[in-house]
Number of protein chains: 2
Amino acid sequence: MILKLRYKIWLEKNGEKAFGDGPLDILHRVEKTGSLRQAAEEINMSYSQAWNLIKDLEKRLGFNLLKRKVGGERGGGSEITEEARELMTQFKLFREEADQSLNSLYKKIFKEKD
Amino acid sequence: MILKLRYKIWLEKNGEKAFGDGPLDILHRVEKTGSLRQAAEEINMSYSQAWNLIKDLEKRLGFNLLKRKVGGERGGGSEITEEARELMTQFKLFREEADQSLNSLYKKIFKEKD
DNA sequence: TTGCGTTATACAAATAAAAGTATAATAGTT
DNA sequence: AACTATTATACTTTTATTTGTATAACGCAA
């Protein structure tokens, strides 16, 4: 039958998205490029959307994910806060183990009959 | 920090949804009520949407999920096929074990620091 | 033969989500 | 002082999703 397992995992606070794959990816790219605008551009996301997304997450989480600089030598930029880094690390680990876990479970239940 | 783990698991065929929680729920209700229309009503889903959803799944899966009767003593009705029942059973089992697995993983990674 | 509740289907309408546009403020650098 | 790339923010426009409406066919029962 060849069905493919797909899933999406995220974290919520008060019923609203507080972290997930998208934010993880963006934060990684901010870390790499030093700019939220560039991070957004890399994944073809509008800057305003990326900005709103991060702003909303910060509000829900109760701490900042980005340290912003407005103006300055390269116009400004953003970098990751310590709390953001910790959350990223935890979430990434969780994602990896969940991936292994779900895939082996899938094999066990769906593959042994076909 | 009290973040809540949320996730969604589904099956795809050729990159398109082929089964998931929504369909599982609908099929359960069809089984119980004997009617797709009633099943849809119970979850406040429009009949046309439920109908399209099931039709699309069937096309992708390559077999029927419902045995339909049009007209007849109570206007008609639908019941579950054997293939549908098997898929439901497998998916439900998978969901249950995945749930346990992800929740204990979540505890392990996120709860031990706070 | 009329009525009933359902399946089947096409479309239109309404909502929601995403993307894009525009503009101000900022602070180093040239 | 002017220039630059960025953050910050409000809107508008576009696109996608969801919901609702309308209609036909069906077959049993009264």
Side-chain angles (χ1 to χ4, degrees), chain A residues 6 8 10 12 15-61 63-81 84, chain B residues 6 8 10 12 15-18 20-23 25-61 63-81 84:
Chain A
R6 296 297 311 277
K8 219 180 145 189
W10 67 96
E12 286 190 357
E16 292 182 304
K17 286 195 182 180
F19 206 71
D21 287 330
L24 178 64
D25 186 33
I26 290 176
L27 292 181
H28 266 135
R29 291 171 192 277
V30 171
E31 203 173 17
K32 198 181 61 188
T33 62
S35 150
L36 178 58
R37 167 157 263 118
Q38 278 180 59
E41 205 161 85
E42 284 189 354
I43 53 171
N44 297 317
M45 176 183 266
S46 65
Y47 170 74
S48 59
Q49 192 184 355
W51 182 82
N52 276 306
L53 185 149
I54 297 291
K55 190 196 59 174
D56 290 347
L57 294 188
E58 290 180 330
K59 197 172 63 188
R60 281 167 207 155
L61 289 169
F63 58 83
N64 276 18
L65 294 167
L66 297 183
K67 280 182 285 201
R68 285 103 159 152
K69 279 180 297 179
V70 181
E73 64 178 330
R74 282 164 46 242
S78 295
E79 56 181 312
I80 305 298
T81 63
Chain B
R6 295 299 311 276
K8 223 181 143 188
W10 68 96
E12 285 190 357
E16 293 180 304
K17 286 195 182 179
D21 286 329
D25 187 32
I26 291 176
L27 291 182
H28 266 137
R29 291 171 192 276
V30 171
E31 203 172 17
K32 196 181 59 185
T33 61
S35 149
L36 177 58
R37 170 157 260 120
Q38 278 181 58
E41 207 160 84
E42 283 189 355
I43 54 172
N44 296 318
M45 174 182 269
S46 64
Y47 170 73
S48 60
Q49 190 182 357
W51 182 81
N52 275 306
L53 186 149
I54 297 292
K55 189 196 60 177
D56 290 348
L57 295 189
E58 289 179 331
K59 196 172 64 189
R60 280 166 208 152
L61 289 169
F63 59 81
N64 276 17
L65 294 168
L66 297 182
K67 279 182 286 201
R68 285 102 157 153
K69 278 180 298 180
V70 180
E73 61 179 330
R74 281 163 48 240
S78 294
E79 55 182 311
I80 305 298
T81 63

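Proteins come first, then strands; the chains are lettered A, B, ... in the order of their sequence lines, and each starts at number 1.
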Student: So which atom in Lys17(B) and which in Leu57(B) form the shortest heavy-atom distance, rounded to 0.1 Å?
Tutor: O-CD2, 3.6 Å
Student: Nearest-Å distance, CD (Glu16(B)) to P (dT17(D))?
Tutor: 12 Å
Student: When rounded to the nearest 0.5 angstrom, what is the spacing between NZ in Lys67(A) and OG1 in Thr81(A)?
Tutor: 7.0 Å
Student: Could you check Ile80(B), Leu27(B), Leu36(B) and say which one makes a side chain to side chain contact (heavy atoms under 4.5 Å, CB included) with Leu65(B)?
Tutor: Leu27(B)
Student: Residues of residues 64-72 of chain A with any non-hydrogen atom less than 4.0 angstrom from an atom of DNA chain C: list those, numerically ordered, please.
Tutor: Val70(A), Gly71(A), Gly72(A)
Student: Taking everything shown except Lys59(A) itself, do over 12 heavy atoms lie less than 6.0 Å from its NZ?
Tutor: no
Student: What are the two closest non-hydrogen atoms of Ile26(B) and Met45(B), and how far apart are they?
Tutor: CD1-SD, 3.8 Å
Student: Ile43(A) has an atom CD1; how far is it from atom C1' of dA18(C), in whole Å?
Tutor: 13 Å
Student: Is the count of non-hydrogen atoms from other residues, nucleotides or ligands lying under 6.0 Å from Lys8(A) atom NZ greater than 12?
Tutor: no
Student: Name every residue in residues 46-60 of chain B that has at least one heavy atom under 4.0 Å from any atom of DNA chain C, in order of residue number, or write none if there are no such residues.
Tutor: Tyr47(B), Ser48(B), Trp51(B)
Student: Are more than 12 heavy atoms from other residues, nucleotides or ligands located less than 6.0 Å from atom CZ of Arg68(A)?
Tutor: yes
Student: Looking only at non-hydrogen atoms, find the nearest pair between Trp10(B) and Gly20(B) and report the distance.
Tutor: CB-CA, 4.2 Å
Student: What is the distance, to the nearest angstrom, from the CD atom on Glu41(A) to the C1' atom on dA19(C)?
Tutor: 14 Å
Student: Nearest whole Å is fine: how far is dT2(C) P from Glu73(B) CD?
Tutor: 23 Å
